[in-house]
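Heads up, the thing below is written out as structure tokens.
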Amino acid sequence: MKGDIFKAALIGGLFTGVLSGLPGINFLNCLCCMWVILGGVLAGYLYQRDSTVKLEIGDGFAVGGLSGAAGAVIAAPLTIAFSALTKAWLLNFLSYIMEQYGGGVDISQLEAQMRMTSMSMTMIRIIIDIVIFAVFGAIGGAIATLIFKPQKPSSEVSLEAKTGSDSQSGL
Amino acid sequence: MVRLIFALVVAGAFLWFAGIIAAPLLKAGGHQAISSFLYDLVYSNVCHQQPDRSFFIAGEKLAVCSRCTGIYLNFAVTLLLYLLKPARRLNPSTFFLLLSPIVLEKGLELAGFSTNNLSRFISGLCFGIMLGMAFSEGLLQLLQRRFR
């Protein structure tokens with residue numbers, strides 16, 4: 001019997017999303033989407049752990065892909081929040097520079113322009129992230145099925161079920 | 001149907017790799033907006049893009065570093081090979097064999113040994129094969145189940 005694919009994908013996605021959304025830590029994604037692949041491996045591992053049969057590579061691919069897509073969705077609000085903080089800091093810094101040295105730039109106009117540009121850019125980025133994360137997550141999930149084996153072999157489980165039913169019938 | 005979908009995915013992988021080469025060519029040709037889109041919005045998500053670790057074309061760095069260039073090149077090529085001749089080839093020993101160059105190289109880097117763009121490109125090529133194999137075999141099996 002196979003485990004819960006959505007539970008495994010969600011936990012893997014949470015791992016991917018949080019680590020990919022936090023500034024500084026997310027830099028490891030530059031190493032071939034490290035957090036995304038590891039999130040896929042984690043999802044594959046959990047799916048395999050909860051299954052009594054050896055999963056095939058297609059199962060790992062599916063759970064990993066789901067975890068990657070979930071990770072991109074979870075990472076998005078974190079990325080938006082942190083980029084808003086950075087933007088606020090940047091605008092304050094620019095206002096300070098303008099006050100000190102003068103200049104022909106209207107800060108409120110710049111702020112409106114930045115808001116519009118960054119919103120559309122963020123949306124495009126989220127869509128790109130969902131595709132990229134799903135691909136790398138799927139690879140991670142597929143790799144997990146190569147590395148991990150079911151903790152309880154199906155023969156052991158069927159034996160347990162058999163003895164359980166025997167003892168029940170004896171009652 | 002399986003082959004058609006997989007062929008589209010292979011085309012996507014080659015398009016992704018073409019983007020890596022196109023970004024510097026577009027920048028050199030004066031198409032700032034589209035090259036900036038590729039550099040800053042698409043490929044910055046997956047690579048640090050450091051100039052000293054990148055190959056250059058037409059005086060501009062590629063959209064990803066030398067290691068990632070190797071990875072994406074062989075990822076696309078491996079997918080193409082699976083399209084031409086699908087089979088189950090990936091097993092744990094192949095996986096670790098193809099993973100070892102990148103791990104070894106990263107280990108040497110951390111130990112203070114110097115690596116260059118060529119060595120990074122080669123280790124990326126090996127890693128790209130492994131990623132391509134895992135992706136192809138997983139996707140093909142999933143598609144075959146869906147369209148059986």
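Predicted model, so just to flag it, every value in this text is computed and none were measured. Below, chain A is the first sequence line, B the second, and so on; all start at residue 1.
Residue Phe6(A) places its CZ atom among 12 or fewer non-hydrogen atoms of other residues, nucleotides or ligands, all under 6.0 Å distant. The neighbour count for Leu108(B) CG, taken as heavy atoms of other residues, nucleotides or ligands under 6.0 Å away, is above 12. The local environment of NZ in Lys54(A) is crowded, with over 12 non-hydrogen atoms from other residues, nucleotides or ligands closer than 6.0 Å. Shown here is Arg146(B), whose CZ atom has no more than 12 heavy atoms of other residues, nucleotides or ligands within 6.0 Å.
Cluster annotation: Leu79(B) and Ile37(A) are assigned to the same hydrophobic cluster (Ile/Leu/Val/Met/Phe/Trp/Tyr, side-chain heavy-atom contacts under 4.5 Å, transitive). At a threshold of 4.5 Å between side-chain heavy atoms, the hydrophobic network of Ile, Leu, Val, Met, Phe, Trp and Tyr places Ile74(A) and Ile130(A) in two separate groups. No single ILVMFWY cluster, assembled from side-chain heavy atoms under 4.5 Å apart, contains both Val73(A) and Val63(A). In this structure, Ile5(B) is a member of the same hydrophobic cluster as Leu140(B), with clusters built from ILVMFWY side-chain heavy atoms closer than 4.5 Å.
Of all heavy-atom pairs spanning Pro92(B) and Leu146(A), the tightest one is CG-O, 3.6 Å. When all heavy atoms of Ala142(A) and Ala134(B) are compared, the closest pair comes out as CB-O, 3.7 Å. Across Ser44(B) and Arg125(A), no two heavy atoms sit closer than the pair OG-NH2, 3.4 Å.
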**OP:** Kindly indicate, with the supporting measurements, whether the criterion side chain to side chain contact (heavy atoms under 4.5 Å, CB included) is fulfilled by Trp16(B) and Ile132(A).
**Re:** CA-CA 11 Å; Trp16(B) 177 263; Ile132(A) 294 171; 3.6 Å; yes

**OP:** Show your reasoning for whether side chain to side chain contact (heavy atoms under 4.5 Å, CB included) applies to Ile139(A) and Phe75(B).
**Re:** CA-CA 11 Å; Ile139(A) 292 169; Phe75(B) 180 77; 3.8 Å; yes

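Once rounded to the nearest 0.5 Å, the distance linking CD of Glu137(B) with CD1 of Ile57(A) reads 5.0 Å. Distance CG/Leu41(B) to CD1/Ile124(A): 6.0 Å, rounded to 0.5 Å.
Contacts between Leu139(B) and chain A at a heavy-atom distance below 4.5 Å involve backbone atoms as well as side-chain atoms. Using a 4.5 Å cut-off between heavy atoms, Met133(B) makes no contact with chain A at all. Proximity to chain A (any heavy atom under 4.5 Å) is shown, for Leu90(B), by both the backbone and the side chain. For chain A, the nearby part of Phe95(B) is the side chain; its heavy atoms alone come within less than 4.5 Å.
Your options are Ile147(A), Val135(A), Val36(A), and the one with the most heavy-atom pairs under 4.5 Å with chain B is Val135(A).
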